[in-house]
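The structure appears below as structure tokens.
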Amino acid sequence: MTAQELAARLSLPEALQQQVFTVPISPTKEQEWNELFLRDQEAFELRLRRHPAPELLALALYLRWATTTYHRYLALGIPEVVFWDTFHDFALWSEECMRITGRPGLIEWGWNALLLRMEIFRLGRLEYQPRALEHNIAFEGATLAAGTPILEVHIPTGTPLGKHELFASLCSAGPFFERYFQRSFFWFHCHSWLLSPVLRELLPPTSGILQFQSFWRIYDEDFSHPQAEERVFGKVQADPQMYAEHTSLQCALKKYLLGGKRVGMGMGIAHRALIEEAGGSTE
């Protein structure tokens, strides 16, 4: 697998592929970049920002290094479909790069580095990141202690959130990590605007987002970043009056914000056994 083959398999636009593979990177320079990437992500990104075309260089480097990750997947026996589904994020963030910056390449270098380091895997509709709880969580009279192994669940842009697809993904995660990494996880955790309790007021009961919420015990809400506005409208505006009203969710959320209210990011926990039991009962 070459970087060129990988880019084509990810369906990156041909014009972007041509630009990426004309970026001059000697083997010595690539090795220097890779050593810095492996040693210190923050220093790596700082150096990238000083480059005349940082987004394009980032994509050129990441595509090259993804070929190594591809062979690591194969060596572990992980199905190829998991690799391609996971690294589809390169295509998504390349599209976002052009939309947000007007320049070709790749943004979200830290996030996409997790793919290269095999710290994120997409299994069906959802992505999973092995982590440990950073602090105690109290919910429904119980406490989950800091340090407990969890699978952090991320929701990539894509198809609507159907209950069957969500069950299939969640039920596959535990066995995946046990089979390929000999690690057992019994708790899922999610921190996302999709878990905001406010959405119950703004969306119909049949909403895929509310179906997603049904898997979680929401124990807290974080207002540190307007993620809902960023995801729903594409860009955060100081004045909510500037937001578009092309979808029913945009209309409802804009009206809510114009009322002087805020939407946070919900924080939820779910036990693997309960999800697997519920998933099995739907088959």
Side-chain angles (χ1 to χ4, degrees), residues 6-13 16 59 62-63 66 69-70 73 78-100 105-116 118-130 151-173 176-177 188-196 199 202-204 206-216 225 227-236 244 246-250 252-253 263 265-266 268 270 275 279 282:
L6 194 148
R9 182 73 179 268
L10 292 174
S11 300
L12 296 182
L16 177 58
L59 182 56
Y62 278 29
L63 284 169
T69 307
Y70 172 79
Y73 270 66
I78 298 174
E80 275 197 67
V81 66
V82 177
F83 175 87
W84 295 114
D85 285 352
T86 300
F87 276 80
H88 181 61
D89 273 14
F90 276 17
L92 294 176
W93 288 112
S94 293
E95 291 174 3
E96 283 294 283
C97 182
M98 181 59 71
R99 185 183 70 82
I100 292 172
L106 188 70
I107 56 172
E108 293 293 337
W109 304 329
W111 169 265
N112 286 291
L114 297 175
L115 278 57
L116 294 169
M118 295 180 66
E119 295 180 29
I120 294 278
F121 297 89
R122 180 165 182 173
L123 305 173
R125 184 62 185 86
L126 302 169
E127 293 173 322
Y128 301 88
Q129 179 182 16
L151 286 176
E152 191 73 32
V153 177
H154 303 280
I155 311 94
T157 299
T159 57
L161 298 172
K163 202 156 193 174
H164 177 77
E165 290 77 14
L166 293 171
F167 267 126
S169 179
L170 289 163
C171 289
S172 73
F176 173 85
F177 287 97
F188 297 104
H189 186 267
C190 186
H191 183 178
S192 170
W193 74 276
L194 293 172
L195 294 187
S196 171
L199 297 176
L202 306 181
L203 295 168
T206 55
S207 162
I209 292 176
L210 296 190
Q211 291 192 42
F212 179 70
Q213 285 197 7
S214 70
F215 290 93
W216 305 92
H225 179 70
Q227 189 186 64
E229 296 172 55
E230 186 177 71
R231 296 291 190 269
V232 174
F233 300 108
K235 180 181 179 181
V236 177
H246 300 310
T247 69
S248 58
L249 178 54
Q250 287 179 338
L253 180 54
V263 179
M265 295 174 282
I275 287 179
T282 64

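Keep in mind that this is a model prediction, so the values were computed, not measured.
Contact annotation: the side chain of Trp193 never approaches that of Glu229 to less than 4.5 Å [non-hydrogen atoms, C-beta and beyond]. Residues Ile120 and Phe87 are not in side-chain contact: their nearest non-hydrogen atoms beyond the backbone lie 4.5 Å or more apart. In this structure, His191 and Glu152 have side chains that are in contact, with non-hydrogen atoms separated by less than 4.5 Å. Under the 4.5 Å side-chain criterion, counting only non-hydrogen atoms from C-beta, Phe121 is not in contact with Asp85. Between Glu119 and Pro130, every side-chain heavy-atom pair lies at or beyond the 4.5 Å cut-off. Here the side chains of Ser214 and Lys163 are in contact, with some heavy-atom distance below 4.5 Å. Between Phe212 and Ser207 there is no side-chain heavy-atom pair separated by less than 4.5 Å. You'll find the side chain of Leu161 reaches within 4.5 Å of the side chain of Leu194, heavy atoms only.
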Side chain to side chain contact (heavy atoms under 4.5 Å, CB included) between Trp216 and Val153, intermediate numbers included: CA-CA 11 Å; Trp216 305 92; Val153 177; 3.7 Å; yes

Evaluation steps, side chain to side chain contact (heavy atoms under 4.5 Å, CB included), between Leu12 and Leu63: CA-CA 11 Å; Leu12 296 182; Leu63 284 169; 4.1 Å; yes

Working for side chain to side chain contact (heavy atoms under 4.5 Å, CB included), residues Glu230 and His225: CA-CA 9 Å; Glu230 186 177 71; His225 179 70; 3.4 Å; yes

Trace of the side chain to side chain contact (heavy atoms under 4.5 Å, CB included) decision for Gln213 with Leu199: CA-CA 9 Å; Gln213 285 197 7; Leu199 297 176; 3.9 Å; yes

ring-ring contact (aromatic ring centres under 6.0 Å, His included) between Phe215 and Phe188, intermediate numbers included: CA-CA 10 Å; Phe215 290 93; Phe188 297 104; 9.4 Å; no

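Rounding to the nearest 0.5 angstrom, the gap separating the OG atom in Ser192 from the CZ atom in Arg231 is 7.5 Å. With rounding to the nearest 0.5 Å, the separation of CE in Met265 from OG in Ser196 is 10.0 Å. We find the CD-CG distance between Glu108 and Leu114 to be 10.5 Å, quoted to the nearest 0.5 Å. Here Cys171 contributes atom SG and Ile275 contributes atom CD1; the two are 7.0 Å apart, rounded to the nearest 0.5 Å. Rounded to the nearest 0.5 angstrom, Leu151 CG and Leu126 CG are separated by 11.0 Å. With rounding to the nearest 0.5 Å, the separation of CG in Leu203 from CD1 in Ile209 is 5.0 Å.
Looking at Arg125, its side chain never comes within 3.5 Å of a backbone N or O of His164 through a donor-acceptor pair. Here the side chain of Arg99 pairs a donor or acceptor atom with the backbone of Gly234 at under 3.5 angstrom. Judged purely by atom type and a 3.5 angstrom limit, Thr86 uses its side chain to pair as donor or acceptor with the backbone of Arg122. A donor-acceptor pair is defined here as one N or O able to donate and one able to accept, closer than 3.5 Å; such a pair exists between the side chain of Asn112 and the backbone of Ile107. A donor-acceptor pair is defined here as one N or O able to donate and one able to accept, closer than 3.5 Å; no such pair exists between the side chain of Tyr73 and the backbone of Met118.
With sequence neighbours excluded, the residues that form a side chain to side chain contact (heavy atoms under 4.5 Å, CB included) with Ala244 are His246, Gln250. With sequence neighbours excluded, the residues that form a ring pair (Phe, Tyr, Trp, His ring centres under 6.0 Å) with Phe233 are Tyr243. With sequence neighbours excluded, the residues forming a side chain to side chain contact (heavy atoms under 4.5 Å, CB included) with Lys235 are Gln237, listed by chain and number. Glu80 is linked by a side chain to side chain contact (heavy atoms under 4.5 Å, CB included) to Arg9, Tyr70, Leu74, Trp84, counting only residues two or more places apart in sequence or in another chain. Scanning for side-chain hydrogen bond (donor to acceptor under 3.5 Å, both in side chains) contacts around Ser169 gives Tyr128, with sequence neighbours left out.
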Name each donor-acceptor pair under 3.5 Å that joins a side chain in residues 88-95 to protein atoms two or more places apart or in another chain, with its distance.
from, atom 1, to, atom 2, distance (Å)
Asp89, OD2, Trp111, NE1, 2.8
Ser94, OG, Phe90, O, 2.7
Ser94, OG, Gly105, O, 3.3

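Taking every heavy atom of both residues into account, Ala228 and Leu253 meet most closely at O-CD2, 4.2 Å.
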